[in-house]
Amino acid sequence: MTDRKTLLVFAHHDEASAFEGVAHLVTGVGKVNAAGALAHALAAGDVDRAVVLGTAGVVGDDEHRLDLGTIYQVTGLVQHDFSLPSPALHPRGDVVLPANEQTVMATGDVFVKDDEQRARISALGARLVDMEGYAYASVCERFGVPLQIFKVPSDFADSTTTDAEWDEIVFEKSRHLLEFWEERLS
């Protein structure tokens, strides 16, 4: 894409499994791990942009429900597990995907697999849910580093979703993300 120094970021080792030959950072799951590891990496000062790739659950139930085979660019973030209103964050990186492949994502420190929780998160205006995105955006904002987040849905974050389901599909999702990386971002 450009000659900029890009930091490629994943939350979980399995999401990065297809990226063996590509330099990347794995932060660990959850907002604290994500914030700490990314802040440490950005403190070195040699990063011009951060690109986050990973999986997320689908929480939107409208007639334009997100597809499990499409990669979406996150253009807005909210926290769903914080009792006080948190400001919406908007990654400052270049928009790469068309409007129908852009979405808002909610972040919280829980793997969502409950219909009631899914509906509450959807009511916040989010169509995807993850456990790190808001933290990544907050850290990049503080460091003044442009950020792009791209997520491929792994599940529908409902009562039929299981941890085992994610464990089975994540390696396929990683290969899909690698193709996207090579074709659109690297």
Side-chain angles (χ1 to χ4, degrees), residues 1-2 4-16 19 23-60 66 71-97 99 101-112 117-118 120-154 157 166 170 173 177 180-181 185:
M1 189 170 201
T2 67
R4 296 183 291 181
K5 169 75 165 107
T6 298
L7 178 63
L8 183 57
V9 181
F10 297 89
H12 195 282
H13 289 284
D14 291 349
E15 291 175 322
F19 288 78
H24 61 272
L25 169 68
V26 175
T27 62
V29 175
K31 292 187 288 187
V32 170
N33 290 328
L38 184 57
H40 181 75
L42 295 182
D46 63 347
V47 173
D48 294 322
R49 74 173 177 155
V51 175
V52 173
L53 299 176
T55 60
V58 174
V59 293
L66 301 184
I71 294 175
Y72 295 92
Q73 185 166 7
V74 175
T75 54
L77 291 145
V78 296
Q79 290 187 92
H80 71 81
D81 66 345
F82 196 67
S83 62
L84 300 173
S86 56
L89 295 177
H90 301 278
R92 295 185 313 114
D94 298 335
V95 175
V96 173
L97 298 178
E101 295 173 8
Q102 297 172 26
T103 194
V104 173
M105 185 169 67
T107 297
D109 279 321
V110 62
F111 184 76
V112 177
Q117 188 175 33
R118 181 179 191 273
R120 186 176 54 74
I121 295 167
S122 181
L124 297 173
R127 296 178 72 205
L128 287 175
V129 62
D130 85 338
M131 297 172 66
E132 302 82 21
Y134 194 92
Y136 293 141
S138 180
V139 168
C140 283
E141 185 176 274
R142 292 167 194 251
F143 279 86
V145 173
L147 170 68
Q148 295 170 301
I149 300 175
F150 300 94
K151 294 286 188 161
V152 60
S154 56
W166 186 86
V170 67
K173 298 298 181 175
L177 289 165
F180 178 79
W181 168 257
L185 300 175

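- Two rings, from Phe82 and Tyr134, have their centers 6.0 Å or more apart.
- Contact check for Cys140 versus Leu42: side-chain heavy atoms found under the 4.5 Å cut-off.
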Item to complete: Start with the C-alpha distance between Ser154 and Val170, add both sets of side-chain angles, then the distance that settles side-chain contact (heavy atoms from CB on, under 4.5 Å), and finish with yes or no.
Response: CA-CA 7 Å; Ser154 56; Val170 67; over 6 Å; no
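- Here the CG atom belonging to Leu177 is positioned 5.5 Å from the CG atom belonging to Leu53, to the nearest 0.5 angstrom.
- Of all the heavy atoms in Val26 and Ala16, the pair that sits closest is CG2-CB, 4.2 Å.
- Taking every heavy atom of both residues into account, Pro153 and Val58 meet most closely at CB-CG2, 3.4 Å.
- The shortest distance between side-chain heavy atoms of Val29 and Phe111 does not fall below 4.5 Å.
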* Does the side-chain contact (heavy atoms from CB on, under 4.5 Å) test come out yes or no for Val59 and Leu128, once each step is laid out? -> CA-CA 5 Å; Val59 293; Leu128 287 175; 5.8 Å; no
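- Atom-to-atom distance recorded for Thr103:OG1 and Ile149:CD1 is 11.5 Å, nearest 0.5 angstrom.
- Across all their heavy atoms, His80 and Val110 have their closest contact at CE1-CG1, 3.7 Å.
- Ser138 OG to Leu89 CG: the interatomic distance, rounded to the nearest 0.5 Å, is 6.0 Å.
- With values rounded to the nearest 0.5 angstrom, Gln79 atom CD is found 12.0 Å from Ile121 atom CD1.
- Using a 4.5 Å heavy-atom cutoff, the side chains of Val152 and Phe180 are not in contact.
- The number of heavy-atom neighbours closer than 6.0 Å to CZ of Arg142, taken from other residues, nucleotides and ligands shown, is 12 or below.
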> Do Val52 and Glu132 pass the side-chain contact (heavy atoms from CB on, under 4.5 Å) test, and can you show the C-alpha distance, the side-chain angles, and the key distance before you say yes or no?
Replying inline: CA-CA 10 Å; Val52 173; Glu132 302 82 21; over 6 Å; no
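- Nearest heavy atoms, Ala23 versus Leu8: O-CB, 3.8 Å.
- Judged by distance alone, with hydrogens and angles left aside, the side-chain atoms of Gln102 form no donor-acceptor pair with the main-chain N or O of Gly76 at under 3.5 Å.
- Among all heavy-atom pairs drawn from Leu147 and Ala137, the shortest one is CD2-CA, 3.4 Å.
- With rounding to the nearest 0.5 angstrom, the CD atom of Gln148 is 12.0 Å from the OG1 atom of Thr75.
- Contacts of Tyr72 classified as side chain to side chain donor-acceptor pair (under 3.5 Å), with partners at least two apart in sequence or in another chain: none.
- Taking the six-membered ring wherever Trp is involved, the centroid distance between the rings of His24 and Trp181 does not fall below 6.0 Å.
- The only option from Glu15, Lys173, His12 that meets the side chain to side chain donor-acceptor pair (under 3.5 Å) definition with Thr55 turns out to be Glu15.
- For residues 37-59, no pair satisfies ring-ring contact (aromatic ring centres under 6.0 Å, His included), with sequence neighbours left out.
- Met131 contributes atom CE, which lies 9.5 Å from atom NZ of Lys31 (distance to the nearest 0.5 angstrom).
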Q.
Working note: Val74 + Tyr136, criterion side-chain contact (heavy atoms from CB on, under 4.5 Å); need CA distance, chi angles, decisive distance, verdict.
A. CA-CA 12 Å; Val74 175; Tyr136 293 141; over 6 Å; no
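- Minimum heavy-atom separation, Ala135 to Ala34: CB-CB, 4.1 Å.
- No hydrogens or angles considered: a donor-acceptor pair under 3.5 Å links the side chains of Thr107 and Asp130.
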